[in-house]
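To start, the structure itself, in structure tokens.
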Amino acid sequence: MEPLELLYEKAGQPHFGLPPALATAYGGNLGFTTPCVYANFVTSLDGVVALGPEYPSSGSAISGREPADRFVMGLLRAWADAVLIGAGTLRATPRHLWTSDHVCPQAAPDFRELRRSLKRSTQPQLVVVTASGDVPTEHPALQSGALVATTADGARRLEGHLPPTCVILTAVEGSALRMADVLVALHAQGHTAVLTEGGPRLIGHLLGEGLLDELFLTTSPVLAGRAGTSRPGLISGLELLPNQPAWTDLISARRRDSYLFLRYRLRTPSGGPALFR
């Protein structure tokens, strides 16, 4: 694959030392200061990140299945201890697996080398967040194994219905979840580098609790449009401006043809506790 073109990188970023093939393809190095929660999204030029429930796997439509975007997605998964999604994302992508190999199989040996060097398991732990316990239990990603973070009410609903490869993680009593409680439970299991691909609603909850550290944003050279349909932007369920602006710093920018690969760091926590329902 043609390497990404490095346009800008802020000095002093943490670097781990990627395997040579990955460093060449990414156009440089990559690293995180852990514990860290980082998000990865692809957006259209007009700010659409999902086309609505009637369009499964809409991220692929927005990205045009651009190989460079799939490589970056695979690289960020390869770095992660855990990949955090919401049940809505699970439903919207009925055949997806949240592994590096699934999105970029040609780089699979290099991703495995990276995980060995990080002393991590073969694949990141998939974590599905659902307050209600309403998840598609037949989804292949659950068949492969996942942690399902839910409430006591959700756990009762799921009891006996999940594949035996899944483990229920009950963070709180009642009908709502705080993402801070989910992350505390993940940290206790050694999952300190957490990637979220969880959708606008989950991002809203993470931002609302001041838990998101970094954002990787692929800007696709496509216009999606809106006409009487729900086509959300990056954040759903949380209003920040004008009273709680969440400012970021651009820490790197890369390019492949007309695609931009941007990395931002959140400056300060943006809010107080929020409940995932």
Side-chain angles (χ1 to χ4, degrees), residues 1 3-10 12-16 18 22-23 25-45 47-50 58-60 62-86 89 93 96 98-100 102-104 107 111 114-115 118 124 126-127 192-200 202-204 206-207 211-222 232-235 246-267 270:
M1 187 177 72
L4 296 178
E5 178 187 359
L6 179 62
L7 303 177
Y8 166 75
E9 189 156 75
K10 188 175 181 178
Q13 299 309 306
H15 286 169
F16 172 75
L18 293 177
L22 295 182
Y26 188 58
N29 221 313
L30 180 68
F32 298 90
T33 300
T34 56
C36 181
V37 179
Y38 58 103
N40 184 38
F41 272 85
V42 61
T43 178
S44 69
L45 284 177
V48 172
V49 302
S58 56
S60 295
I62 294 170
S63 71
R65 301 185 71 86
E66 161 61 35
D69 179 62
R70 298 178 74 81
F71 166 74
V72 171
M73 192 186 313
L75 179 61
L76 294 177
R77 290 177 181 180
W79 237 102
D81 291 312
V83 179
L84 180 70
I85 64 171
T89 298
T93 45
H96 198 72
W98 281 265
T99 67
S100 299
H102 184 80
V103 291
C104 191
F111 292 145
L114 172 60
R115 292 193 68 79
L118 292 168
L126 178 64
V127 184
T192 59
V194 179
L195 164 65
T196 179
E197 299 180 14
L202 184 53
I203 288 292
L206 289 167
L207 280 168
L211 299 172
L212 187 66
D213 298 299
E214 294 192 12
L215 169 66
F216 290 78
L217 189 67
T218 299
T219 301
S220 174
V222 69
L234 181 66
I235 302 167
W247 290 100
T248 68
D249 292 315
L250 178 69
I251 57 175
S252 77
R254 287 168 164 80
R255 183 182 76 91
R256 161 70 65 78
D257 298 329
S258 296
Y259 289 79
L260 289 175
F261 299 87
L262 308 174
R263 180 182 182 182
Y264 296 92
R265 182 168 294 132
L266 274 291
R267 290 184 186 174
S270 59

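Under the side-chain hydrogen bond (donor to acceptor under 3.5 Å, both in side chains) criterion, S220 pairs with no residue, sequence neighbours left out. With sequence neighbours left out, D249 forms a side-chain hydrogen bond (donor to acceptor under 3.5 Å, both in side chains) with R267.
With hydrogens and angles disregarded, a donor-acceptor distance shorter than 3.5 Å links the side chain of R254 to the backbone of Y26. In this structure a side-chain-to-backbone donor-acceptor pair under 3.5 Å is present from D81 to T192. Under a 3.5 Å cut-off, the side chain of R115 and the backbone N or O of A78 do form a donor-acceptor pair. The backbone N or O of G198 lies less than 3.5 Å from a partner atom in the side chain of T89, making a donor-acceptor pair. Between the side chain of Y259 and the backbone N or O of S63, at least one donor-acceptor pair lies under 3.5 Å. In terms of modelled atom types and a separation under 3.5 Å, the side chain of S252 and the main chain of E9 share no donor-acceptor contact. R255 places a side-chain N or O within donor-acceptor distance of the main-chain N or O of D257, the cut-off being under 3.5 Å. With hydrogens and angles ignored, the 3.5 Å screen pairs a side-chain donor or acceptor of N29 with a backbone N or O of L18. R65 contributes no side-chain N or O that, together with a main-chain N or O of S60, makes up a donor-acceptor pair within less than 3.5 Å.
Between D213 and C36, the shortest heavy-atom distance links the atoms OD2-CA, 3.4 Å. The minimum heavy-atom distance between F261 and A68, with the atom names listed, is CZ-CB, 3.7 Å. Across all non-hydrogen atoms, the minimal contact from A80 to P124 is O-CB, 3.5 Å. The minimum heavy-atom distance between G31 and R263, with the atom names listed, is O-NH2, 2.9 Å. When all heavy atoms are compared, the tightest approach of G27 to L6 is O-CB, 3.7 Å.
Side-chain contact between I62 and V48 is present, with heavy atoms from C-beta onward closer than 4.5 Å. The side-chain heavy atoms of T248 and L266, taken from C-beta on, include a pair separated by under 4.5 Å. Put simply, the side chain of L202 reaches to within 4.5 Å of the side chain of T196, judged on heavy atoms. Within the 4.5 Å cutoff, no side-chain heavy atoms of R265 are placed close to those of K10. The shortest distance between side-chain heavy atoms of V37 and L84 does not fall below 4.5 Å. Annotation: side chain of L260 is in contact with side chain of L7 (closest heavy-atom distance under 4.5 Å). For the pair L76 and F32, the minimum side-chain heavy-atom distance is below 4.5 Å. Residues E66 and V222 form no side-chain contact, since every pair of their non-hydrogen atoms from C-beta on lies 4.5 Å or further apart.
Here the straight-line distance linking atom CD of E214 with atom CD1 of I251 works out to 4.0 Å at 0.5 Å rounding.
Taking the six-membered ring for Trp, Y38 and W79 have ring centres at least 6.0 Å apart.
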